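None of these values were measured; they are calculated from a predicted model. Computed over heavy atoms, backbone and side chain alike; hydrogens, waters and symmetry mates excluded.
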Amino acid sequence: TERNLFRMSFSYWLVYCIAFGMEKIVLPFGEAAVMSLRMTTALSYFLTFSCILCLPLHKFAMRQIQD
């Protein structure tokens, strides 16, 4: 589970970086593309944050189950 959470947080972070970069490049084009990239950026940011937050919580829960 920890490995999966780490992989997910890295993948979401990578999607965030790509979407953020594309948002800066595609800015002069259609408003629909920019809005879609902004939503993708926001969603991947929140998913990255939640995965990073879940890593220590999962370790804490596993430690309590073993005790």
Side-chain angles (χ1 to χ4, degrees):
T1 303
E2 290 177 25
R3 186 181 302 168
N4 287 337
L5 284 171
F6 184 73
R7 286 179 184 171
M8 287 175 13
S9 63
F10 179 73
S11 299
Y12 293 141
W13 174 77
L14 194 60
V15 169
Y16 169 78
C17 289
I18 291 170
F20 186 77
M22 287 181 65
E23 182 181 338
K24 297 301 177 189
I25 293 171
V26 181
L27 194 60
F29 296 113
E31 185 65 31
V34 172
M35 191 56 124
S36 175
L37 285 171
R38 285 184 182 163
M39 289 190 315
T40 302
T41 303
L43 183 62
S44 62
Y45 179 80
F46 290 125
L47 287 171
T48 303
F49 177 75
S50 66
C51 285
I52 290 172
L53 183 64
C54 286
L55 273 169
L57 292 176
H58 174 71
K59 286 184 181 182
F60 181 72
M62 287 288 107
R63 195 174 296 155
Q64 284 202 349
I65 289 173
Q66 290 174 356
D67 290 341

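C51 approaches L5 most closely through the heavy-atom pair CB-O, 4.0 Å.
To the nearest 0.5 Å, the span separating NZ on K24 from OG1 on T41 amounts to 9.0 Å. Note that the CG atom of L57 and the OG atom of S50 stand 11.0 Å from one another [nearest 0.5 Å]. Rounded to the nearest 0.5 Å, atoms CD (E23) and OG (S36) are 10.0 Å apart. Between the CG atom in L47 and the CD1 atom in I52 there is a gap of 11.0 Å [rounded to 0.5 Å]. With rounding to the nearest 0.5 Å, the separation of CG in N4 from OG in S11 is 10.0 Å. Here C17 contributes atom SG and Y12 contributes atom OH; the two are 15.0 Å apart, rounded to the nearest 0.5 Å.
For I18, the side-chain contact (heavy atoms from CB on, under 4.5 Å) partners are L14, M22, not counting sequence neighbours.
Within the hydrophobic cluster formed by Ile, Leu, Val, Met, Phe, Trp and Tyr side chains joined at under 4.5 Å, directly or through other members, Y16 is accompanied by F20, Y45, F46.
Hydrophobic clustering of Ile, Leu, Val, Met, Phe, Trp and Tyr side chains at less than 4.5 Å, counting indirect connections, keeps F49 apart from F10.
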